Each structure stands twice: as C-alpha cells, then as structure tokens.
Amino acid sequence: MSDNTRNFNELYGYRFEELSVGQSASLSRTVSEADILLFSGVSGDTNPVHLDEEFAASTMFGGRIAHGMLSAGLISAVFGTRLPGPGCIYLSQSLKFKAPVKIGQTVVARVTVKELKVEKRRVVFSTVCSCGDTVVIDGEAELLIPARG
C-alpha cells in the first residue's frame, strides 16, 4: 500500500472494493479503574459488580469485573478507526459474553471480514474480544460501507 493510499484510508476508511474476506484488524486496551468508573458514569450502569469490591467478592466472579459493553465498545473502535475505518455505518451486532474481564487485564478486539454483500455494499464481520487465550466476547456485525465519489 502506498503512503497516499494509507493516508486516504486513515482519513476516510477503506472503500468497499478494497475489502476482502479474511481481512482483519485489531486494537488492545488494558482495562483500568478509571475506564470502569468513566463507563459507569457515561452509561449509567452502576451495578455494584462493577463498582463495589465487597459486593462483587460475594458473586460468582469473586471480585469486580468490567462492564461487558466496555469491552464490546472496543469492537466499535476498531470499526471506526481501523477497518473499515471512518465513514462506515454500524447496522447490527450480536454478542455472546463468554468470560469476565477484570481490572488490569488487556482486551484485544479483532474484527475479520466474513462476507461481502456487493449488491448493498454491506460487509459482515466476525467480532472477537480476548484476554490472552480466553475469548471474552464472540459475535458478528454488519456494516454499510458508503460509496465514495
């Protein structure tokens, strides 16, 4: 990829025609106390399993866990910044929460092109969030890739 193409994609995202089955991108984030507190404030989700260590210690998790949607939000970040990048439109997302994420764990969100729907310029992606070898979220998303003039 030339530098001009790379700059174009970073600013405007990939064109539908530039995508292919198997193409993938990822990003990672280590979940912090601040992430959980900020997400709680923005979302309004004040479930004590996320915020109260004493309460959370009595649950099946044995301690505080991050909001599942905090990790799922990383999928959106990959779509909006890496693949397909700026300009894409999120149409749907299915999620299966498979394991908890605790403070200090690093979540890797990966999206992979699964299917190209040429007639409607839509792309189906597999979406996975992992902490090490453990899959914490598994799902599928469909995005619309706008036409470029």
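What you see is a predicted model, and the numbers here were worked out from it, not measured in a lab.
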- Item | Heavy-atom side-chain proximity of L95 to M69 below 4.5 angstrom | yes

- Are L83 and L91 connected in the hydrophobic side-chain network, where two residues link if heavy atoms are under 4.5 Å apart? no

- Task: Determine whether more than 12 heavy atoms belonging to other residues, nucleotides or ligands lie under 6.0 Å from atom NZ of K114.
- Result: no

- Query: Mind checking who shares a hydrophobic cluster with V49, ILVMFWY linked at side-chain heavy-atom distances under 4.5 Å?
  - Reply: F55, M60, F61, I65

- Kindly indicate, with the supporting measurements, whether the criterion side-chain contact (heavy atoms from CB on, under 4.5 Å) is fulfilled by L116 and L19. CA-CA 8 Å; L116 299 168; L19 298 174; 4.1 Å; yes

- Under a 4.5 Å side-chain heavy-atom rule over Ile, Leu, Val, Met, Phe, Trp and Tyr, are V21 and V128 clustered together? no

- If Ile, Leu, Val, Met, Phe, Trp and Tyr residues are connected whenever their side-chain heavy atoms lie under 4.5 Å apart, and connections chain through other members, are L144 and Y14 in the same group? no

- Item | V135/C129 under side-chain contact (heavy atoms from CB on, under 4.5 Å): CA gap, chis, key distance, verdict | CA-CA 6 Å; V135 172; C129 292; over 6 Å; no

- May I ask you to decide whether E115 forms a salt bridge with R122, counting only side-chain N to carboxylate O separations under 4.0 Å? no

- Check whether any side-chain N or O of S43 sits under 3.5 Å from a backbone N or O of D45 as a donor-acceptor pair, and report yes or no. yes

- Does the side chain of P84 reach to within under 4.5 Å of the side chain of L143, using non-hydrogen atoms? yes

- Task: Find out whether K102 and V31 are in side-chain contact, i.e. whether some heavy atom of one side chain is under 4.5 Å from a heavy atom of the other.
- Result: no

- Task: Provide the full list of ring-ring contact (aromatic ring centres under 6.0 Å, His included) pairs with a residue in residues 76-95, sequence neighbours left out, each pair given once.
- Result: F79-Y90, F79-F125

- Item | Donor-acceptor contact below 3.5 Å, side chain T81 vs main chain A77 | yes

- Does CD in E54 sit with more than 12 non-hydrogen atoms of other residues, nucleotides or ligands closer than 6.0 Å? no

- Does the Q93 side chain pair with the main chain of E140, one donor and one acceptor, at a distance under 3.5 Å? yes

- Message: So, using salt bridge (charged side-chain N to carboxylate O under 4.0 Å, His left out) as the criterion, who are the partners of K120 when residues are at least two apart?
- Response: none

- Query: Quick one: do I75 and V124 end up in the same hydrophobic cluster if we chain Ile, Leu, Val, Met, Phe, Trp and Tyr together by side-chain heavy atoms under 4.5 Å apart?
  - Reply: no

- Using the rule that two of Ile, Leu, Val, Met, Phe, Trp, Tyr join whenever any of their side-chain heavy atoms come within less than 4.5 Å, decide whether I103 and V107 are in one cluster. yes

- Message: Can you confirm whether H67 sits close enough to S40 that some side-chain heavy atom of one is under 4.5 Å from a side-chain heavy atom of the other?
- Response: yes

- Task: Could you tell me whether the side chain of T127 and the main chain of G139 form a donor-acceptor pair under 3.5 Å?
- Result: yes

- Query: Under 3.5 Å, is there a donor-acceptor pair between the Q23 and T112 side chains?
  - Reply: no

